[in-house]
Amino acid sequence: MELRKYIFRRLIEIAIIFFVILTVLFLLFRLAPGDPVTRMVDPNMTPEDAEHLIEQLGLDQPIGLQYLYYVKNFVTGNFGVSFHYGQPVADIILNRLPNTVLLFTTSIILSALFGIFLGKIAAWRKGESTDTWMTIGALICHTVFLPWLALILIWLFAYKVGWFPLTGMISAEVWIDPEAGFLEKAWDIVHHMILPLGTLFMIHFGSYLLIMRSSMLDTLKEDYILTARAKGLEEKTIRNHHAAPNAALPVVTSVGLSLAFSINGGALTETVFTWPGIGRELVFSVSNNDYPLAQASFLLIAAVVLLANLVVDVLYAYLDPRIRYE
Amino acid sequence: MTKFNPIRIIAFGVLLAAVALAGCSQKEPAGMLRVGLSEEPRTLNIWLASDANSRKILSKIYQPLYQHDPETLELIPWLAADLPEYDPETVAYTVRLRGARWSDGAELTSSDVAFTAKLIKEFRIPRHYSRWKFVTRIETPDKRTVRFFLKNPKAIFRSRSLTIPIVQQKEWEDIVRIARTKEKPLAELLNHQVESPVGTGPFVLKQWREGAYLHMVRNPYFFGTGKTIAGRQLGPHITDIVVKIFGTSDVAILALKKGTIDMFWWGIQPGYLDDLRNQDDIHVYFSEKSALYFMGFNLRKPPSDDPHLRRAIATLIDKNFIISRILQGFGTEMYSIIPPGNRYWYYPEVEKYGAKLDRESRIRKAYDILTEAGYSWEAPPIDDAGAVIPASGIRLPNGQPMERFTILTPPADYDPHRAISGLMIQEWLRDVGMPAYSRPMAFSSLLQQVKGRHDFDTFILGCGKLSTDPDYLRIFFLSANDKPRGWNMSGYRNPEFDKLATESSQAMDREERQALVRKMQEIVLRDVPYYPIYDPLLIEAVRTDRFTGWVEMLEGIGNIWSFTQLKPISRDS
Amino acid sequence: MALLDVRNLSIGYQTRKGFLRAVDSVSFSVEEGKSLGFVGESGCGKTTIGMTLMGLLPKNASVMADQIMYKGRDLLKISPEEMRKTRWKDIAMIFQAAMNALNPVQRVGDQIVEAILIHEPALDKPAAQERVEALFDLVHIPRERIRDFPHQYSGGMKQRAIIAMALSCRPSLIIADEPTTALDVIVQDQILDEIKTLQKELILSILFISHDIAVVADVCHTIAVMYAGQIVEYGKREEVFEAPVHPYTKALLGSYLTLGTEKTQLEGLNGETPNLINPPKGCRFCDRCEATGPACRMEIPDWIDVSRTHKALCCKIT
């Protein structure tokens, strides 16, 4: 099997790249100024306390030895304990990651679906006012400053109109109520998701719309579209069955990689909406010099993105029969 | 596939909104206080909890032997029955406990107290160890009595050591036993996961849903309920505290205005004030902080190794300008290292360096100081006719030109006030020809440069939470603390000061200690290793429609007295 | 009565530079079971005629004609929806194989089934697939290749598949637009033989479009030579091929006789085809014609009947 060989070769490449990232990450964090102890600005913290803590965190070891431990722990699946939270890194990531995936992955899927759908229509009606308005709208949404949009939406829909909760992922009032059932709790999450989802959707769908539009315009010039028309197919069939599937192919790559990157969430969105995701944790961990948490989070993202690249390439081969891997 | 139809999308939106509205009926019990926090607590492990947010939560659970009176800041017996008795002969303090219970119903005994102190000593818990290392022996003659034997007299023992939170032996002894056997015992202890902390405080943790909320309920065993302590009758009258997290102040303020929280437990920027003052159900509290924002000098290298230059710089800094223009009036000028709010220890008669002077007078005065110390200029700031003119080419007393030096500040996104103050000071120093350059630097890097490597000229930093005990004055300027990661960041070395400082730490008589501490303030402000600039006001906002009885205190309204005295307002009235 | 009878067909495009008259007053007809070949250089308007008959001109094109009578219906007067239904069912088209005429992401068989089902909704899918199998037999493609994707086919197979697709709804008229151009000579011959055989077997009318007069001569009963949007010579194959009268036809045949492969510049012809936005007043070929005279530039040429079935548009012929 050619494909199997190809995947195997790619997996080896990925492993090598991953190891390089692993090493670079380690060096980056050790070279960054500060250490997890210096940041504690508390007159009660004496230099002796600080040195004791450094020793206890294992940061007094020579850097080469620290690196060996780091690689060994990583290979054995031990991600260590966060300096900041005192919790196993794996627990923290497993706690935050599902929240990020729920919000960001949903938003990518929704905005990709809508973006592709609207891009298809815009290209089909090229030059008409539908196309003009859609393109302008997409560009505006694509370039708007996210926290600003988020705050406007919160102010309008959560504060002024009161349709949605201000921020957060769940309401304490609902979840501590012993009578609240599963449906009520599920709805509570959905209810909290609408605004952040809407914000992310508005920011992202524009780019998919624009990619799909231009891809579709190229496809419409293809000869098989003329064939389809000559066959006497209805315009809708030509658009949806012949033009759109071909035009959507390049968008697949973009969506696939966005999905992979979506697991790192977005620090800005998560901060404004107080969404307990991995993006904020990532930023905190870097500024707190919380090496174990920061390293593990970045490695997770690297691994997912690398694998997603492979998945997208393989998927592409399924979607486009012309592509074969040797 | 359906045709694209904007009407359908709008209809869908309206439907969604309608459903949303239906789900909008939130219910909060009358006794439930909802508090907004700006960040998640770091941990429920009291030994790891070095951050403000964890301490906000844990201070409702773990209690100390003594609290501070909200008005006088005097020690008030809390878990203790009365003030500690000191025996100078044996250098021992005896503390008698009042009858208190843990939240699991067990009795708090002297062995819990002894256990806590021994744990701190054995594991050398950072931030606590220095306050307990001089305790040589702890006796528990009976269930209600603890006796601490000290190596030598320590002034801080009462207010610093006896105010640490007490933990339950039963909860921690197994953990301690296991940690002791490990290669890194402290790390093991700090990394222990505390799910439901057992305390003696007014509240117990019911549930912490990480990333969402924290739910505390009234502790039925709280010793203070119904008692009058420090002239205050204690409840708590609140049944629940729900802590919610808000990633930005903007949204927290909206939540407060909307009534989804009753209190935002975080300092508010003055920019929000106008909006909040227009709200009927919101009250804004202004509290003094026990904080010190200052300019620090590196005494290890020129040009800041010269006290004359530091005095000239101090003279040029217009604190009034910084407070009125940069802090918009929400702060007080600081003249000594100890904030004026700490009335007993604060010494107002220190050298004030050009207080209330106008710009030109400051330049003249600084010029006089510098000329007298042997500084010279190519173009001096005062011309022959006595007028103030732009200066340049300042030379040190040894005739060398003064090289450019930097003022390190935190970046503007971390603290705009300090960053802008740095810029202002840069301009004021340039008025007399000093080549000063303000440079914002990421906070970690800044601390690394200043505290870790001692590689800097001058800096602007703040200490946000100074204790009421003035021992920090000693810690900041003791010669022995001039080492990497040490608190003597300036590298101030003065045997006279060291002697006074050591005496003050051992002075068991309060008035004697007060005199020493005053003298220390005087010396520090004479030599200016640090030059105090301001102490910002803490602005906090609460809703007034559901609870009443917030207690104002140094460091704000979020104190134990507020939480034990707050009363729900009856909805019927 | 002719299957297709076109009278005075003119086609123009509104372009940025002005109105471009791509086809100027052409008339022709195709009898049932016969084939008509259009031949001329690229840009002469022959493909535009094909597209007009299919109703596939771009939106900025305008069509004027006295009539385009097909099976007693004037295609100019039917609605777009009727036109759509007519396409493929009545008039099918064979595209050049090098063109991406088949959708690369759909299986070849499915693309043919789709054409059948759209015009014969009463048919179920298995029946349509059976017909595809028969069509594949007809054009000599092994049945097991039905489920292949286009890129798995050779150029000749793709062309056969396109022919099979064109035949799928049993149309009466097939427009073959450069069906063999991109193929190598041997495959080209096979395909042309295939087309000829099919035409006889199925009694098809074919409108054959090519730049290669040899190809047209091989297949068509009647030949229309086009130059700059006009038909300049029209007649039976033997007449045009053996006794050409128009200088342009002669030039085309000259280049054919040298047996060259595809040429961008015809042998013995210098200069460029005229600008169709502002065409020359007189004969359009006069600039490149060896026999040109002063009258050619001034007078609008007239049709000269050589025989009852053979005519040419030239001022020089008497």
Side-chain angles (χ1 to χ4, degrees), chain A residues 32-35 37-53 56-58 81 84-87 95-96 99 117-118 121 151 154-155 158-159 162-177 187-188 191 194 240 270-274 276 280 287 289, chain B residues 1 4 16-17 20-21 23-24 26-28 34 42-43 45 48 50 124 126-131 184 186-187 190-193 207 209-213 215 242 244-248 250-251 254-255 258 260 442-445 447-448 451-452 463-464 466 472 475-476 481 483-487:
Chain A
D35 60 55
V37 174
T38 310
R39 242 188 111 80
M40 296 179 189
V41 203
D42 185 336
N44 295 319
M45 187 89 176
T46 62
E48 293 75 29
D49 285 350
E51 267 147 37
H52 185 208
L53 204 52
Q56 291 285 313
L57 296 177
V81 176
H84 185 72
Y85 293 102
Q87 273 186 50
N95 179 290
R96 305 293 196 270
N99 302 339
F117 177 69
L118 295 179
I121 288 167
L151 280 174
I154 292 173
W155 179 82
Y159 179 68
W163 284 349
F164 306 108
L166 286 164
T167 51
M169 188 172 162
I170 57 178
S171 298
E173 286 84 349
V174 173
W175 285 65
I176 60 181
D177 180 1
W187 164 247
D188 187 52
H191 197 195
I194 294 172
N240 296 341
E270 288 177 10
T271 302
V272 177
F273 284 104
T274 323
R280 234 153 78 91
S287 64
N289 295 90
Chain B
M1 197 172 281
F4 170 70
L16 211 66
L21 278 172
C24 234
Q26 282 182 353
K27 41 196 177 290
E28 65 274 343
R34 295 151 311 156
R42 177 177 169 184
T43 176
N45 181 331
L48 181 66
S50 63
R124 293 169 57 200
R127 297 177 300 111
H128 294 300
Y129 178 61
S130 62
R131 309 185 232 173
K184 309 257 185 217
L186 174 63
L190 295 185
N191 293 344
H192 172 69
Q193 302 300 300
Q207 189 190 28
R209 199 170 276 278
E210 269 176 64
Y213 64 85
H215 182 201
V242 169
K244 304 176 179 183
I245 316 296
F246 290 90
T248 59
D250 293 302
V251 178
L254 287 181
K258 197 158 187 272
T260 51
F443 197 64
S444 288
S445 319
L447 282 177
Q448 178 92 339
K451 199 162 167 240
C463 281
L466 296 173
Y472 52 82
I475 292 170
F476 285 162
N481 286 347
K483 53 186 167 189
R485 295 188 209 278
W487 274 105

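Throughout, protein chains are lettered first and strands after them, A, B, ... in sequence-line order, and every chain is numbered starting at 1.
- Taken to the nearest 0.5 Å, the CE atom of A:M45 stands 10.0 Å off from the OG atom of B:S130.
- The shortest non-hydrogen separation linking B:S444 to A:S287 is OG-O, 3.6 Å.
- Between A:E48 and the choices B:R127, B:K483, B:R485, the salt bridge (Lys or Arg N to Asp or Glu O under 4.0 Å) rule is met once, by B:K483.
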Go through the steps to decide whether A:Q87 and B:N191 satisfy the test side-chain contact (heavy atoms from CB on, under 4.5 Å), and finish with yes or no. CA-CA 6 Å; A:Q87 273 186 50; B:N191 293 344; over 6 Å; no
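- For B:E210, the parts lying near chain A are the backbone and the side chain together; criterion is any non-hydrogen pair under 4.5 Å.
- Considering only heavy-atom pairs separated by less than 4.5 Å from chain A, the leading option among B:T43, B:T248, B:L466, B:L186 is B:L186.
- Side-chain contact between B:R209 and A:I170: present, with at least one pair of heavy atoms (C-beta onward) separated by less than 4.5 Å.
- Here the closest non-hydrogen pair linking A:A172 and B:V242 is CB-CG1, 3.4 Å.
- The distance from atom CG of B:D250 to atom CH2 of A:W155, rounded to the nearest 0.5 Å, is 13.0 Å.
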For B:H128 and A:N44, run side-chain contact (heavy atoms from CB on, under 4.5 Å): C-alpha distance rounded to whole Å, both residues' side-chain angles, the deciding distance at 0.1 Å, then the answer. CA-CA 7 Å; B:H128 294 300; A:N44 295 319; over 6 Å; no
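- Taking A:A50, A:P276, A:G58, A:G86 one by one and counting their heavy-atom pairs under 4.5 Å with chain B, the maximum is reached by A:G86.
- The contact between A:I176 and chain B is made by backbone and side chain atoms together, counting heavy-atom distances below 4.5 Å.
- The candidate from B:V251, B:I475, B:N45 with the greatest count of non-hydrogen atom pairs under 4.5 Å with chain A is B:V251.
- Minimum heavy-atom separation, B:P484 to A:E51: O-OE2, 4.4 Å.
- A:E173 is listed as a side-chain neighbour of B:K244, based on a closest heavy-atom distance under 4.5 Å.
- In this structure, B:G486 and A:P47 approach most closely via the heavy-atom pair CA-CG, 3.2 Å.
- To the nearest 0.5 Å, atoms OH (B:Y129) and CG (A:D49) are separated by 8.5 Å.
- For B:I245, the parts sitting under 4.5 Å from any heavy atom of chain A are the backbone and the side chain alike.
- Chain A forms more heavy-atom pairs under 4.5 Å with one residue of B:Q207, B:H192, B:Q448 than with any other, namely B:Q448.
- Distance check: A:M169 CE to B:Y213 OH gives 12.0 Å after rounding to the nearest 0.5 Å.
- For the residue pair B:G247 and A:T274, the shortest heavy atom distance occurs at N-OG1, 2.8 Å.
- For A:H52 (side chain) and B:R124 (main-chain N/O), a donor-acceptor pair under 3.5 Å exists by modelled atom type.
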